[in-house]
Protein chains: 2
Amino acid sequence: MSKIPKPPSIGKNVKHERSVQKLSLDELSTASGVSKAMLSQIESGKVNPTVATMWKIAHGLSVEFNVLMKGEGKKIRRFDINRKADITTLDADAAGVHISVLSPVSMAEDLELYLLTFKPGATLNSQPHYPGTEEFLTVLAGKVKVSAGENETILNAGDVLVYQCDIEHHIENLAATESRIYLVVRF
Amino acid sequence: MSKIPKPPSIGKNVKHERSVQKLSLDELSTASGVSKAMLSQIESGKVNPTVATMWKIAHGLSVEFNVLMKGEGKKIRRFDINRKADITTLDADAAGVHISVLSPVSMAEDLELYLLTFKPGATLNSQPHYPGTEEFLTVLAGKVKVSAGENETILNAGDVLVYQCDIEHHIENLAATESRIYLVVRF
DNA sequence: GAAACATTTTTAATATATTGAACACAGTTA
DNA sequence: TAACTGTGTTCAATATATTAAAAATGTTTC
């Protein structure tokens, strides 16, 4: 009924990571707590390892679990141009805030790019995003006050702020001129 | 030697996803190809499932594999400020290109942010990055020519380009003035 | 109430993931 | 040559993940 989705070859990934870090099977075995016999069989693709063991291996390699689960990946080499005229823009409910959604629709699902323009005194109130979401905020011009939960700070042009935004957060323009912000949201 | 990293409770995640989609064990069993007995034991945390079975379950639930691997997650809510004065800057070998590394060191490993400034006529040649790497390029000001492999395009202020950079790529400033580029690199 | 059904849990048997030890294969060193 | 490393691979034994079928637990219907 359903076509086979995609079987990942975790063995290749483990072997690659291990060779990059120049570790022997013995070393990785002691570092991860998985027998070197297992490691050998996993790398040669003779077994379907348990998530628990893969977890231990990922820890032993000190890499994210997902790294070892990489599928074949996209073959096509993308080169997508998104012209200024085609970029969707919108004005926040609170007047004085202009938002450009830079991310093309075809883009990766877990990353979004925005360019924000604040008129003097303008404020943007954002509802909590999905849990685990992080925002990377760069002030290109002006001066703004950012608050998320109990945290709050004032940023000038050139400053960068990283914060989790799975909580209500606010951005307020303190400059007498327009403030511009580059915003990267990762889910 | 090494402190326990974090054991994820995948059972909870599977049960949650299944209840959200209002599926019975039988339905998910036929949809995923995993016996309902397995599903029951996985949800009650009595077994350490194989990655292969978890993969099938993820497909049956039509969710990303990672979704079912959600650990307890980071408790601490980050709010890291990186002041302009603290941001590391460097000049490329080719004169006329100034690079600001916006990403704080404490930042996620799979994401990097750069702010590039090109003097008139300046060019930046980049060696291939790690396979699968993608760059999200936003032209803040000026006019540049970007080429990656056989692809090439000219971008003006406000344009956005998404391309894979696991290949040699070049950025050249065509404007008579300085060009500024915001660059997001994801691994 | 019980009969009929849907859903989840447990049971017993099988398949296989995991392990420690033995093995094979290099590259030193003497 | 042999002895001694370090490397990765197979071997038999054990632990356990996985399954089909049965038992248990609701949930509806008459």
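Naming: A, B, ... by sequence-line order, numbering from 1 per chain.
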#### Entry: Backbone of B:Glu27 reached by a side-chain donor or acceptor of B:Ser24 within 3.5 Å
yes

Note: contacts of residues 36-43 of chain A with DNA chain C (heavy atom, under 4.0 Å) are A:Ala37, A:Met38, A:Gln41

Self-check item: Chi angles and distances behind the side chain to side chain contact (heavy atoms under 4.5 Å, CB included) call for B:Val184, B:Glu135
Solution: CA-CA 6 Å; B:Val184 179; B:Glu135 282 190 6; over 6 Å; no

For this session: May I ask you to evaluate whether A:Thr50 reaches the phosphate of C:dT18, defined as a side-chain N or O under 4.0 Å from OP1 or OP2?
Result: yes

Review point. Are any of A:Ser24's side-chain N or O atoms less than 4.0 Å away from OP1 or OP2 of D:dT7?
Key: yes

Out of D:dT7, C:dT18, C:dT8, minimum distance to the side chain of A:Thr53 belongs to C:dT18

note: A:Lys46, atom NZ; D:dG8, atom P; distance rounded to Å ~ 14 Å

Residues pairing under salt bridge (charged side-chain N to carboxylate O under 4.0 Å, His left out) where one sits in residues 39-60 of chain A, two or more places apart or in two chains, turn out to be A:Arg18-A:Glu43

> Does the A:Ser32 side chain pair with the main chain of A:Leu28, one donor and one acceptor, at a distance under 3.5 Å?
Replying inline: yes

Separation of D:dG8 atom C1' from A:Leu28 atom CG, nearest Å, is 13 Å

Across all chains, not counting sequence neighbours, the salt bridge (Lys or Arg N to Asp or Glu O under 4.0 Å) partners of A:Lys143 are none

Out of C:dT10, C:dA17, D:dA17, minimum distance to the side chain of B:Asn48 belongs to D:dA17

Interatomic distance, CD1@B:Ile154 vs CG@B:Asp159, rounded to 0.5 Å, equals 11.0 Å

Applying salt bridge (Lys or Arg N to Asp or Glu O under 4.0 Å) to A:Lys119 and not counting sequence neighbours gives A:Glu178

- Task: Check step by step if side-chain hydrogen bond (donor to acceptor under 3.5 Å, both in side chains) holds for A:Tyr114 and A:Ser100.
- Result: CA-CA 6 Å; A:Tyr114 300 97; A:Ser100 294; over 6 Å; no

Would you say A:Arg18 reaches D:dT7's phosphate, i.e. side-chain N/O to OP1/OP2 under 4.0 Å?
-> no

Per atom distances to the A:Leu25 side chain, the nearest of D:dA20, D:dT7, D:dT9 is D:dT9

Here the distance between atom P of D:dA17 and atom CD1 of B:Ile10, to the nearest Å, is 10 Å

Salt bridge (Lys or Arg N to Asp or Glu O under 4.0 Å) filter on A:Arg180, not counting sequence neighbours, yields none

Using a cutoff of under 3.5 Å, can you pull out all pairs of nitrogen or oxygen atoms linking the protein to nucleotides 26-28 of chain C, with atom names and distances?
none

